Number of protein chains: 2
Amino acid sequence: MVQYRQTHLDASFGALGDSTRRGVLEQLGRGDASISALAERFQMTLTGMKKHVGVLEQAGFVTTEKVGRVRTCKLGLRGLKEEAAWIERYRQLWAARFDALDVVAQELKQKEIAHGRKKRK
Amino acid sequence: MVQYRQTHLDASFGALGDSTRRGVLEQLGRGDASISALAERFQMTLTGMKKHVGVLEQAGFVTTEKVGRVRTCKLGLRGLKEEAAWIERYRQLWAARFDALDVVAQELKQKEIAHGRKKRK
DNA sequence: CGTATACTGAACCTGATGGTTCAGTATAGA
DNA sequence: TCTATACTGAACCATCAGGTTCAGTATACG
């Protein structure tokens, strides 16, 4: 049903589900950085960092460009637009769900009143 | 620095990084459901679904209650507030980053002009 | 040229994930 | 009481994730 391009959200939420990668995004927010700078900053090997950057790149959150020996990483143009949209949609869904519960709660309250119950709040 | 409760975001973004689990959230948005109902809906074993629900519960997105034989799952009270906040923060970071790059801004402007688009900025 | 730097890729390791089956336990209902 | 339902837990399996090491390749620079 809503299965068509879920893979994309899989990739992006998956990419965000790692604190090192969120840290890298934060770092890149402060300025572009090379793989080795990021590796040093997060205390891991170049190879390890390169994998993380690869994941972020795959998800569309960063882009990289190699000039000479150095591969520079920067925030991608895509940003977090779709993820924000997804989350917002679900926040509304949540709200709607609990609005419904509020109605139920109100009904219960009415019943309580009808039954003469003065339950304190 | 912002390392203290990152584990929490790891769990929640991790939980969202699976289309079955996002599907379960959507389903629960339409109404509470038992484990077996969800298992059937997503065509997997009870045990498999129970694990997914466990992950969502761990992340705070759903709560469950067992009455008699049936464990009923519903959306948790926590919602996606913190995740939305995180994403929003980074969207601003993104925006700030690209505001700083007037080169890009100029390029976009040029394109707009080239395409005769009068989009206001 | 020679050497240090910056990355790349393959191979490997360990633990987590997403699933299954199978053998229970507990409860609902005839 | 008997049986079907609904879940639970342990065990297993294949694959992926996050990391490493090691052996390259390409480039900067004295």
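Just so you know, these numbers come straight off a predicted model, no measurement behind them. Letters A, B, ... are given to chains in the order of the sequence lines, protein chains preceding strands, and every chain is numbered from 1.
- Taking 4.0 Å as the cut-off between side-chain N and carboxylate O, A:R22 and A:E26 do not count as a salt-bridged pair.
- Atom-to-atom, NZ of B:K50 to P of D:dA11 comes out at 15 Å; the value is rounded to the nearest Å.
- Side-chain to base pairing of B:T47 with D:dG9: one donor and one acceptor N or O lie within less than 3.5 Å of each other.
- Here C:dT17 presents its P atom at 14 Å from CG of B:L16, a figure rounded to the nearest Å.
- Among the nucleotides C:dT8, D:dG9, D:dA6, the one closest to any side-chain atom of B:S36 is D:dA6.
- Side-chain atoms of A:S12 and A:E83 form a donor-acceptor pair, as typed in the model, at a separation below 3.5 Å.
- Within the 4.0 angstrom heavy-atom criterion, only backbone atoms of the sugar-phosphate kind lie near A:G68; the bases stay farther away.
- Neither OP1 nor OP2 of C:dT17 sits under 4.0 Å from any side-chain N or O of B:R21.
- Of the side-chain N and O atoms in A:R69, none sit less than 4.0 angstrom from OP1 or OP2 of D:dT25.
- Considering only side-chain N and O atoms, A:R71 lies nowhere under 4.0 angstrom from the phosphate OP1 or OP2 of C:dA6.
- The NZ atom of A:K66 sits 13 Å away from the C1' atom of D:dA28 (whole-angstrom rounding).
- Map A:V67 and A:Q43 each onto its nearest nucleotide of DNA chain D; the residue landing nearer the 5' end is A:Q43.
- For A:D18, the listed nucleotide lying nearest its side chain is D:dG18; candidates were D:dG18, C:dG18, D:dC7.
- Spacing between atom CD of A:Q58 and atom P of D:dC16 amounts to 14 Å, rounded to whole angstrom units.
- Here the side chain of B:T45 is nearest to one of C:dT21, D:dG18, C:dT8, namely C:dT21.
- At whole-Å resolution of the value, CE in A:M44 and P in C:dT8 are 16 Å apart.
- Here the options are A:T63, A:D32, A:V53, the test is side chain to side chain contact (heavy atoms under 4.5 Å, CB included), and the partner is A:C73; only A:V53 passes.
- Contact check for A:R21 versus A:F61: no side-chain heavy atoms found under the 4.5 Å cut-off.
- Taking 4.5 Å as the limit, every side-chain heavy atom of B:K74 sits out of range of all side-chain heavy atoms of B:T64.
- Rounded to whole angstrom, the span from the CG atom of A:L46 across to the C1' atom of D:dT20 amounts to 13 Å.
- Between B:R41 atom CZ and D:dA6 atom P there is a gap of 18 Å when expressed in whole angstrom units.
- Summarising the geometry, the separation between CD1 on A:I35 and P on D:dT27 is reported as 17 Å, rounded to the nearest angstrom.
- You'll find that the side chain of B:H52 is closest to C:dG19, out of D:dC7, C:dG19, C:dA4.
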